[in-house]
Structure formats: C-alpha cells, structure tokens
Amino acid sequence: MTKKPDFDLQDFMPYLLNQAADKTSRAFEAAYKAKYGMLRTEWRVVFHLGHYGKMTAKVICDRARIHKTKVSRAVHALEEKRYLARKPLPDDRRHEVLSLTKAGVIVFEDLYQEAQRFDADLMSVFSAAEREQMRNFLIKIAKF
C-alpha cells in the first residue's frame with residue numbers, strides 16, 4: 001500500500017474528535033465506575049433522566065444518539081442497581097416511562113457535581129475565549 005503524503009490519519013478530523021472524546025470519556029469514567037459500578041451508557045441514561053426528567057428509552061436513544069440495544073442493557077442494569085424505575089405508559093403498554101428512584105437521584109446529583117468539576121478542570125487550560133470558540137466549533141460539527 002502506498003502512503004499518500006497529503007493525508008495522515010492522525011490529522012483526520014473524525015479521528016482526532018474520536019481520540020479526544022475517548023480520552024476525556026475514559027478519564028471521567030473513573031468517577032462513575034469506581035464509585036457506582038456504572039458503565040458509560042448507564043451514566044448517560046442517568047444523566048438524561050436526572051437532567052430532563054421522566055422519559056422513554058426511545059427519547060433517550062434519540063437525544064443521546066445511543067443505539068436502543070445499549071440503552072436497553074443500561075436500563076436493565078440501572079434497574080437492578082435500584083437507580084431506575086419503569087412504569088408502562090397507560091395508553092401503550094409496549095413502552096415504559098423511565099425515572100430515577102430516590103437512590104438514582106442521589107447518584108445523579110453526586111455525579112452531576114463531579115461532572116461539573118471534571119469539565120472545569122478539563123477546560124481550565126483554555127482561555128474563556130478559547131472555551132467559547134471550542135464549544136461553538138463542536139456544536140457546528142455535531143450539526144453537520
């Protein structure tokens with residue numbers, strides 16, 4: 001295979017974004033995995049329910065852009081940990097409304113504060129202007 005001098009995977013934007021996302025996600029993973037035994041998708045489900053309130057798994061899938069199988073596994077695990085409760089929709093029993101239990105709310109509040117600290121530490125190496133610019137760039141990329 002011939003190396004193309006004008007293209008380097010290390011400079012490929014999707015690759016760089018993936019590397020940055022993976023590195024930061026793994027660093028924050030220590031907060032929820034060590035303390036609560038949660039996986040990344042479980043944390044994301046807890047975050048959505050804690051931040052936005054009751055919703056269906058489908059809504060979480062759409063908002064978080066997570067495959068329904070992963071969300072289903074996370075919901076099951078969170079229910080076993082007693083952080084999440086399910087209630088069938090009265091007009092469509094095939095779907096359920098998910099909500100955090102009292103224990104789940106405590107976990108969410110703790111991890112929400114930890115996430116704020118983590119974000120502040122992560123962004124502390126950038127100026128206020130750079131932080132704003134980076135967020136704007138990432139929002140534009142996410143909408144691409």
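Positions are given from 1 along the sequence.
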Enquirer: When rounded to the nearest 0.5 angstrom, what distance separates CZ in Phe118 from OG1 in Thr24?
Expert: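 Answer rounded to 0.5 Å: 6.0 Å.
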
Enquirer: Atom CG of Leu98 and atom CE of Met55: how far apart are they, to the nearest 0.5 Å?
Expert: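 The CE atom of Met55 is 9.0 Å from CG of Leu98, to the nearest 0.5 Å.
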
Enquirer: Centroid-to-centroid, Tyr36 to Tyr32, below 6.0 Å?
Expert: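 Tyr36 vs Tyr32: aromatic centres not under 6.0 Å.
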
Enquirer: Within the 4.5 Å heavy-atom criterion, are Arg135 and Met123 side-chain neighbours or not?
Expert: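 Side chain of Arg135 against side chain of Met123, heavy atoms only: contact under 4.5 Å found.
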
Enquirer: What verdict does the salt bridge (Lys or Arg N to Asp or Glu O under 4.0 Å) test give for Lys81 and Glu42, after you've listed the backbone C-alpha separation in whole Å, the side-chain angles of each residue and the deciding distance to 0.1 Å?
Expert: CA-CA 11 Å; Lys81 292 173 180 146; Glu42 292 170 37; 2.5 Å; yes

Enquirer: Work out which heavy atom in Leu111 is nearest to a heavy atom in Ala31; give both atom names and the distance.
Expert: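 Minimum heavy-atom separation between Leu111 and Ala31: CD2-O, 3.8 Å.
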
Enquirer: Shortest non-hydrogen contact from Thr41 to Ala74?
Expert: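 Thr41 and Ala74 have their closest heavy atoms at CG2-CB, 3.8 Å.
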
Enquirer: Would you say that Leu78 contacts Leu100 through its side chain, given a criterion of any heavy-atom pair below 4.5 Å between the two side chains?
Expert: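 A side-chain contact is absent here, since even the closest heavy-atom pair is not under 4.5 Å.
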
Enquirer: Tell me whether Arg26 is salt-bridged to Asp22, with the criterion being a basic N under 4.0 Å from an acidic carboxylate O.
Expert: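 Yes, charged N to carboxylate O under 4.0 Å.
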
Enquirer: Between CZ of Phe28 and CD of Glu114, what distance do you get to the nearest 0.5 Å?
Expert: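 Reported value, rounded in 0.5 Å steps: 6.0 Å.
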
Enquirer: Would Val46 end up clustered with Val105 when hydrophobic side chains under 4.5 Å apart are linked, directly or stepwise?
Expert: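 Yes, same cluster.
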
Enquirer: Are any side-chain N or O atoms of Ser72 and backbone N or O atoms of Thr69, one a donor and one an acceptor, separated by less than 3.5 Å?
Expert: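 Not at all, since once roles are kept as given, no pair shorter than 3.5 Å links the two residues.
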
Enquirer: Where does the angle between the aromatic ring planes of Phe108 and Phe47 fall among parallel (under 30°), tilted (30 to 60°) and perpendicular (over 60°)?
Expert: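 Ring orientation of Phe108 relative to Phe47: tilted.
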
Enquirer: Kindly compute the distance separating CG (Asn136) from CD (Glu132), expressed to the nearest 0.5 Å.
Expert: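 Nearest 0.5 Å value for the CG-CD distance: 4.5 Å.
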
Enquirer: Tell me whether Arg117 at atom CZ has more than 12 heavy atoms from other residues, nucleotides or ligands lying less than 6.0 Å away.
Expert: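 For Arg117, atom CZ is crowded (more than 12 foreign heavy atoms under 6.0 Å).
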
Enquirer: Over all heavy atoms of both residues, which pair between Thr101 and Arg82 is shortest? Give the atoms and the distance, please.
Expert: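 Closest approach of Thr101 to Arg82: OG1-O, 2.6 Å.
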
Enquirer: Could you check whether any side-chain heavy atom of Gln19 comes within less than 4.5 Å of a side-chain heavy atom of Tyr15, counting everything from C-beta outward?
Expert: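 Side-chain contact under 4.5 Å: yes.
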
Enquirer: Using the rule that Ile, Leu, Val, Met, Phe, Trp and Tyr join whenever any side-chain heavy atoms are under 4.5 Å apart, tell me whether Leu49 and Val59 fall into a single cluster.
Expert: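 Linked within one cluster.
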
Enquirer: For residues Gln10 and Leu16, report the shortest heavy-atom separation together with the two atoms involved.
Expert: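 Nearest heavy atoms, Gln10 then Leu16: O-CD2, 3.1 Å.
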
Enquirer: Minimum heavy-atom separation for Tyr112 and Trp43, please, with both atom names.
Expert: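 Here Tyr112 and Trp43 meet closest at N-CH2, 4.4 Å.
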
Enquirer: Is there a side-chain contact between Arg63 and His48 in this structure, where contact means two heavy atoms from C-beta onward sitting under 4.5 Å apart?
Expert: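 A side-chain contact exists here, since the closest heavy-atom pair is under 4.5 Å.
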
Enquirer: Hydrophobic cluster membership, with links at side-chain heavy-atom distances under 4.5 Å among I/L/V/M/F/W/Y: are Ile141 and Leu9 in one?
Expert: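 Ile141 does not cluster with Leu9.
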
Enquirer: Does any part of the side chain of Val107, heavy atoms only, come nearer than 4.5 Å to the side chain of Met38, both counted from C-beta?
Expert: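 Contact flag for Met38/Val107 side chains = yes.
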
Enquirer: So, do Asp110 and Lys35 sit near enough that their side-chain heavy atoms are less than 4.5 Å apart?
Expert: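 In short, these two side chains touch, coming nearer than 4.5 Å.
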
Enquirer: So for atom NE2, which belongs to His76, do other residues, nucleotides or ligands contribute more than 12 heavy atoms lying within a distance under 6.0 Å?
Expert: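 Atom NE2 in His76 is not packed in, count stays at 12 or less.
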
Enquirer: Distance from Phe137 atom CZ to Met13 atom CE, nearest 0.5 Å?
Expert: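 Here the interatomic distance stands at 9.5 Å.
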
Enquirer: Stepwise, does the side-chain contact (heavy atoms from CB on, under 4.5 Å) test hold for Glu79 with Arg86?
Expert: CA-CA 8 Å; Glu79 187 177 38; Arg86 307 177 197 218; 2.9 Å; yes

Enquirer: Membership question, hydrophobic clusters at under 4.5 Å side-chain separation (ILVMFWY): are Leu89 and Leu84 in the same one?
Expert: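 No; Leu89 is not reachable from Leu84 via cluster members.
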
Enquirer: Any idea which heavy atoms bring Arg44 and Ala64 closest together, and the distance?
Expert: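 Looking at all heavy atoms of both residues, the shortest contact is NH2-O, 2.6 Å.
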
Enquirer: Please tell me whether Val45 and Val97 are part of a single hydrophobic cluster in this structure, the criterion being side-chain heavy atoms less than 4.5 Å apart.
Expert: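 No; Val97 is not reachable from Val45 via cluster members.
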
